[in-house]
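Not measured: the values here are computed from a predicted model. Sequential numbering from 1 along the given sequence is applied to the chain's residues.
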Amino acid sequence: MRASRAGRAALRSVQGAGLAALLATAGANGCEFDEQTVAPGDARLAVHAVLNPGAGDQTVLVERTLTGNAQMDDGLRPDPLDPIVSRRGVPVSGARVVVYGPSGDSAVAVEDRTVRADRKGAGVYRFRNAATSPGPGPFAGAFIPILAGAQYRLRVTSPEGDLVTGETTVPQARPVVVPIPQRNFNRDTDSLFLFWERVPLAERYELRFDAPHGAFALYVDSLEYLIAGGVRDPFSEGFPAVFVPGFTEAVTVGAVDRNYFDYYRSANDPFTGHGLISHLDGGFGFFGSYVLLRAGAVQVTATVDEAIEGTYARVVGPFSLPGGLVLYVESHSGVRTQITGNAATGSISQAPPGVIGVLDGQLQIVLALLAGQSIADTVAVLDGRFDGASITGTVRGSGAPIEYRQIRRAGR
């Protein structure tokens, strides 16, 4: 039995090789294991909630722990409007979710599925932060001020009578945004230096980098941090690069309480049996606090030194395709070259859609055009050839011809 990962993935905006090695060692020693069916365990409440004084809506996710009766698929793309169901979690509807403030005031959270026409949001309970936006509508009676330095209590009661309680104290800092200037960041030569003021009641400071493959988070107790452009994410499969050329990545610094820090620094370990650190009574998960201290973004580039890298203009192809592409070499693996970049839209108001692909043998190329900055948002795939000056081929599925001609080498 373990707490569902749906809550962790949703609130975060989420050991095959080790097991194989262990089984190989057992086989070499002549060990045999009998097959046994383990009965599903008892499902318990899993609650995930973070108080954020800088946010208008405050969210509490309520579900059941996974016991074997439900199938989980970490490869599923979560729906932000239905985070528990879309990850095959087991939502708990009809619960009573109450948050108590320091002055004896309280808010009874409203389940999303009860107020949405599409009935999405099972197990997702919401209330408003009266310090920022009390607001009318379905949440008008569900609001309480979330204040820095204040202590709050959470009480969740399921329809079956299960009770989960917890407490959190919000770090004592005003939720402000001191912009980190958005600038070009050459991951081959640059480093990013972050700094902030000490925050009373903060257990740690979370540094978060929103890479295309998912968020990379660090927890530090210092007031500054220098991160190299070539750093890789040791917590994701394949150790992908944190900074990916061609993508615009958000960078944030936040103060977190002990509950938040303990939960996200721990993990379910299938070998040792150690689990997530939860300070809740009666269930799993956490009730924590977060205050945003700094936020910004970097436009990641790389040093240009290979023929495929550069800016391309569309000369043949449907108008639905981007008018231009900027491509970089992300890495090499044998004769295969990983390509990343973006669609050169010319807009400075938002991050351009991303591009990922593979150049095989310096000739065959496949490019996936993304809707946004996530590798899960593919909208079109181009199959083609690179002749040293142009990419020619077809749009997968439609067979429409395409040609992108290199007009200049991409700059730093």
Side-chain angles (χ1 to χ4, degrees), residues 7-8 11-13 47-61 97-107 109 125-134 143-156 164-180 194-209 215-225 227 250-267 276-296:
R8 296 185 79 173
L11 286 172
R12 301 297 302 238
S13 240
V47 177
H48 301 84
V50 177
L51 297 185
N52 183 346
D57 281 5
Q58 310 288 311
T59 305
V60 181
L61 304 181
V97 178
V98 187
V99 176
Y100 299 89
S103 302
D105 48 349
S106 63
Y125 297 81
R126 200 180 307 271
F127 63 98
R128 290 280 175 83
N129 176 7
T132 60
S133 58
F143 61 91
I144 186 175
I146 306 301
L147 305 174
Q151 186 179 64
Y152 295 84
R153 294 184 295 115
L154 174 68
R155 183 181 178 92
V156 178
V164 175
T165 60
E167 294 184 355
T168 183
T169 300
V170 181
Q172 196 165 3
R174 292 186 61 185
V176 296
V177 176
V178 180
I180 302 171
L194 305 171
F195 61 93
W196 54 92
E197 300 293 329
R198 186 183 71 86
V199 176
L201 303 178
E203 179 70 19
R204 288 292 192 281
Y205 302 97
E206 180 190 70
L207 281 59
R208 179 184 170 104
F209 308 88
F216 171 60
L218 297 171
Y219 297 93
V220 301
D221 56 6
S222 62
L223 301 179
E224 59 184 36
Y225 198 84
I227 184 167
V251 179
T252 57
V253 179
V256 303
D257 77 329
R258 180 186 177 190
N259 298 345
Y260 187 112
F261 170 63
D262 280 348
Y263 188 75
Y264 279 113
R265 73 180 175 90
S266 58
L276 298 165
I277 301 175
S278 173
H279 296 286
L280 294 177
D281 292 326
F284 295 100
F286 79 109
F287 176 46
S289 302
Y290 174 95
V291 180
L292 180 65
L293 304 179
R294 302 196 69 180

A cation-pi test, strictly: NZ or CZ of Arg294 under 6.0 Å from the centre of the six-membered ring of Phe195 and no more than 45 degrees from its axis. Yes or no?
yes

Student check: side-chain heavy atoms of Val47 and Val60 closer than 4.5 Å:
yes

Give the minimum heavy-atom separation between Ala49 and Leu154, together with the two atoms involved.
CB-CD2, 4.5 Å

Let me confirm one number: the CG-OG1 distance from Leu207 to Thr252, rounded to the nearest 0.5 Å.
8.0 Å

Minimum heavy-atom distance between Thr132 and Ala55, given as atom pair plus value:
OG1-O, 3.5 Å

Does the side chain of Ile146 come within less than 4.5 Å of Gln58's, by heavy atoms?
yes

Show your reasoning for whether side chain to side chain donor-acceptor pair (under 3.5 Å) applies to Thr165 and Arg155.
CA-CA 5 Å; Thr165 60; Arg155 183 181 178 92; over 6 Å; no

Does Arg128 form a side chain to side chain contact (heavy atoms under 4.5 Å, CB included) with Asp57? I'd like the steps, not just the answer.
CA-CA 5 Å; Arg128 290 280 175 83; Asp57 281 5; 2.6 Å; yes

Closest heavy-atom pair and its distance - Pro171, Ala255
CG-O, 3.8 Å

Is the cationic atom of Arg204 (NZ for Lys, CZ for Arg) positioned less than 6.0 Å from the six-membered ring centroid of Phe261 and within 45 degrees of its normal?
yes

What residues form a ring pair (Phe, Tyr, Trp, His ring centres under 6.0 Å) with Tyr100, not counting sequence neighbours?
none

With rounding to the nearest 0.5 angstrom, report the CG to CD distance, Leu201 to Gln151.
10.0 Å

With Ile144, the side-chain contact (heavy atoms from CB on, under 4.5 Å) member among Asn129, Asp105, Leu51
Asp105

Report the residues that fulfil ring pair (Phe, Tyr, Trp, His ring centres under 6.0 Å) with Tyr205, sequence neighbours left out, ordered by chain and then residue number.
Trp196

Please report the shortest heavy-atom distance between Ala173 and Leu293, naming the atom on each side.
CB-CD2, 4.0 Å

Gap between atom CZ of Arg265 and atom CG of Leu218 - 0.5 Å precision
15.0 Å

d(Tyr264 OH, Ile277 CD1) to nearest 0.5 Å is 14.0 Å

Would a line drawn from the ring center of Tyr152 to the ring center of Phe287 be shorter than 6.0 Å?
no

Could you tell me the separation between the CD atom of Glu206 and the OH atom of Tyr260, rounded to the nearest 0.5 Å?
3.5 Å

Quick check: closest heavy atoms across Pro102 and Ala150, and the distance to 0.1 Å?
CG-CB, 3.8 Å

Measure the NE2-OG distance between His48 and Ser278 for me, rounded to the nearest 0.5 Å.
8.0 Å

Does a side-chain heavy-atom distance below 4.5 Å link Phe284 with Val164?
no

Search all heavy atoms of Asp257 against all heavy atoms of Gly288 and return the closest pair with its distance.
OD1-CA, 3.5 Å

Between Pro53 and Val291, is there a side-chain heavy-atom distance shorter than 4.5 Å?
yes

